[in-house]
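Here is the structure we will look at.
Here is the naming used below: chain letters follow the sequence lines, and residue numbers restart at 1 for every chain. What you see is a predicted model; the values in this text were computed from it and never measured. Values below: all heavy atoms of this structure, side chains included; hydrogens, waters and symmetry mates excluded.
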Protein chains: 2
Amino acid sequence: MTEIRQPTPRRGTNLPRMGDFNLTVILDAIRRSSGGLSRVELAQIVGLSPQTISNISRRLLDQRLIVEAGKEGSGPGKPRTILRLNPAGMYALGVHVDPAVITSVVLDLVGDVVKHSRIPTPAGSNPQRVIAAIADEIKGLIEDSGVDPGKIAGLGVAAPGPIDLDEGTVVDPPLLVGWDRVYLRDALAEATGLETLVDKDVTSAAVAETWAGGASGTGSFVFMYMGTGIGCGIVLNDEVVRGTSGNAGEIGHIIVDPDGPPCDCGLRGCVKSSCIPQVLVAEAEEQGILDGGRKGTEGPEVQEGFARLCDAADSGDERAIAIIDKSAVLVARAVAVVTNTLDVERVVFGGPFWARMSERYLERIPALLAANSAANSIHGIEVVGTGVGEDVGAIGAACLVLEHTLAPRAQRLLLEG
Amino acid sequence: MTEIRQPTPRRGTNLPRMGDFNLTVILDAIRRSSGGLSRVELAQIVGLSPQTISNISRRLLDQRLIVEAGKEGSGPGKPRTILRLNPAGMYALGVHVDPAVITSVVLDLVGDVVKHSRIPTPAGSNPQRVIAAIADEIKGLIEDSGVDPGKIAGLGVAAPGPIDLDEGTVVDPPLLVGWDRVYLRDALAEATGLETLVDKDVTSAAVAETWAGGASGTGSFVFMYMGTGIGCGIVLNDEVVRGTSGNAGEIGHIIVDPDGPPCDCGLRGCVKSSCIPQVLVAEAEEQGILDGGRKGTEGPEVQEGFARLCDAADSGDERAIAIIDKSAVLVARAVAVVTNTLDVERVVFGGPFWARMSERYLERIPALLAANSAANSIHGIEVVGTGVGEDVGAIGAACLVLEHTLAPRAQRLLLEG
DNA sequence: TGGCGGATCTCAGTCACGTATTCCCCTAAA
DNA sequence: TTTAGGGGAATACGTGACTGAGATCCGCCA
């Protein structure tokens, strides 16, 4: 079970690695700029000489990852030629495997969704059948999108945890019965012929934010994923933190309410037992705010129940408002634990349930967080909602591929095995 | 208060940086080996060619950071010449500024303490007086140690948080009254003429573990610092996590006991209010296990009271054992929150109070942690006590300098400003 | 139309790593 | 004692990425 990982000594680097790394640095700078950059600006930003920038730009132009997009001349002198990402320079596929629904997307280089599809997860959730369904869906998506298959960098898969990153397996997730140690990565790689990456859904969402989230996806932040469960993705200094086995971000058993309901872990008031949507809906049903006709334990029912709870709150139902507001207090406590542990500068909220709660949460959480922040006198913590939308899971999955291929990760510099 | 940090784009790298980085990689490999490495072994480990290793070895030999230490020939062929760290190749000074006591050390390159001193923190804790005392102490220590001042790489300072890493200031720590925004780094740099680094005590302890802790200081781990308060230092993939302002590792308000005593944060059963030594001693006094003659709120009194509590437990006092054991359960819960959030592979315990509790904690915590670990089915979490000893704070402070100067941090590759 | 300024490119130059070769040192057998 | 052989380490040369200086290109302005 516990294989001993021998301490992997840090490996050196060499010239080609350095060249590739600088290429990704420049691409990253262009990507993060709004509206492109000129070569001189790039030189200032990344600290390399103009000549080096020119050389690398040429490589990027040859690969068609960037394009020259017009000139920008203000005063005298030769106007700067603006370099911009070529959206069609590369594509990535992403799949979010959720217990209820499988979402797939084709993403272009700038992170825009080219094509999108959604199917219900095959009943019984037999792994083989689900994998076959995904492979089918992917093939269809590639055809429908009309994208040049040669430009597809790979397939990213976002799965609920726990996972084993080394093996590329999903390890017995609570809501997918019979999914113990399913070799998702290898199976899908074989079925689709694409290079495949598997990661946890919350991590994928954080990667989506770094790639397609604009300014809020830079630096060090925590992505709070509000889904059927609550988890978080962690990004420190522009690099995603995955943990030893890819399972970082498990915050379900942080205690947020000493007076809360009992949890299956034996304690009381964990995140998991006191502020996930399912619990809020149950509470509302108990209080008679919602009719408890259906037992809303399955994904879609919860989502629907939660929507009605929010509707009630929006139409002024005090009890509904109280439930949501209390959950904001509890979530803020969990967030504070994470931000105090990691001292990040920003918290980004997102996930399928986020849209409905965003207004109330954004109103309350910043103050709650500030009050509980250990470093409050040194720096504030920004609280924002993601701009990526409901499909963060699938988009993030695709971004896993882009990140792996094009992001300036320190890891890229190091020689491997 | 909150200065906006503009997103710093990742900067490129160049040839000299690469060379320096590879040098630190090799030094790191030698440092982490037990008993030195030959050039061929180095080539295998770091992945560079034997020639490159030879070239870099020469640079390291010229700088006298390493020495050739004998040969190792087993079969036919030329025997390997072993390269070892030269302990006298470089020295670093470390100071731990504690509310009660100021510990200073001179460390050599292998992390051994060359000289050591301890003075009580000047009463009234006026910052200027404390800084002057430290500067005096440092000067004395350098003279007494007989170390060549030219070989001293710098001065590290470990301070209780919160701190502001950019400014090098200590920001209003709870136990040092009147220490708001004290420019510790600049003041000590000026007073001693040494390059000075300031960091939080728990972070320093984690750095000590990476530098002087042997195998348990590699990879990804959390260092639990058991002091007057409980904090943690975080190391992911051999690099220390400091956070935006250097305040990562604040875990005092993680709730570990829903039935615990109220905390100044308004909730109940935080780490800070239920399992720090001061609380355990108070509890023992209340139960009559210890005579509550002195009100043990000051550092030394707490330490003494805690020692007597441990004595009682060791001599079989059931109630004393119960207090310690319960604290182990609570600490384990806090640790689980952190390890689940970060998915690390190891927890290292240390700090001034650790020695007395180590036996009971090491007996109980591994099982408790495994039971609460989200990734338990994928990998276990190793639980160990540090080998660094009581002075981790000061030793870690000195290691800050060594780490900054010699560790293969990814940051070192990047061009600056 | 010519001058000017700024951006970009060309062309060496430098430096670190990689490959092939040679040198050196030790073991072991004749 | 001598010699063959094997493996580590150094030397020489080649490659490739970044840097610096000057040339070139481009558009504005007089």
What is the distance, to the nearest angstrom, from the [atom1] atom on [X] to the [atom2] atom on [N]?
| X | N | atom1 | atom2 | value |
| --- | --- | --- | --- | --- |
| B:Arg59 | C:dA16 | CZ | C1' | 9 Å |
| B:Asn55 | C:dT14 | CG | C1' | 16 Å |
| B:Leu42 | D:dA10 | CG | P | 12 Å |
| A:Arg11 | C:dC17 | CZ | C1' | 15 Å |
| B:Ile82 | D:dG8 | CD1 | C1' | 11 Å |
| A:Leu61 | C:dT8 | CG | C1' | 13 Å |
| A:Gln51 | C:dC15 | CD | P | 17 Å |
| A:Arg80 | D:dG27 | CZ | P | 16 Å |

Exercise: do [X] and [Y] side chains pair donor with acceptor under 3.5 Å:
| X | Y | value |
| --- | --- | --- |
| B:Ser54 | B:Ser57 | no |
| A:Glu209 | A:Ser216 | yes |
| B:Asp343 | B:His379 | yes |
| A:Thr81 | A:Arg39 | yes |

Measuring to OP1 and OP2 of [N], would you say a side-chain N or O of [X] lies under 4.0 angstrom away?
| X | N | result |
| --- | --- | --- |
| A:Arg39 | C:dA7 | no |
| A:Thr52 | D:dT19 | yes |
| B:Thr81 | D:dA9 | yes |
| B:Asn22 | C:dC17 | yes |

Quiz item: With a 4.0 Å cut-off on heavy atoms, is B:Ser49 in touch with a base, just the backbone sugar-phosphate, or nothing at all?
Solution: base
Quiz prompt | Sugar-phosphate, base or nothing in reach of B:Ser54, heavy atoms under 4.0 Å | solution = sugar-phosphate
Quiz item: Any chance CD of B:Glu195 has more than 12 other-residue heavy atoms, nucleotides or ligands included, within less than 6.0 Å?
Solution: no
Quiz item: Is B:Arg58 salt-bridged to B:Asp62, going by a charged N under 4.0 Å from an acidic O?
Solution: no
Self-check item: Nearest-nucleotide 5' precedence on DNA chain C, B:Leu23 against A:Pro50
Solution: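 Of the two residues, A:Pro50 wins.
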Exercise. Return yes if some donor-acceptor pair links the side-chain N/O of B:Glu345 with the main-chain N/O of A:Thr244 below 3.5 Å, else return no.
Key: no
Quiz item: Where along residues 13-20 of chain A does a heavy atom fall under 4.0 Å from DNA chain C?
Solution: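 Here the set is A:Asn14, A:Leu15.
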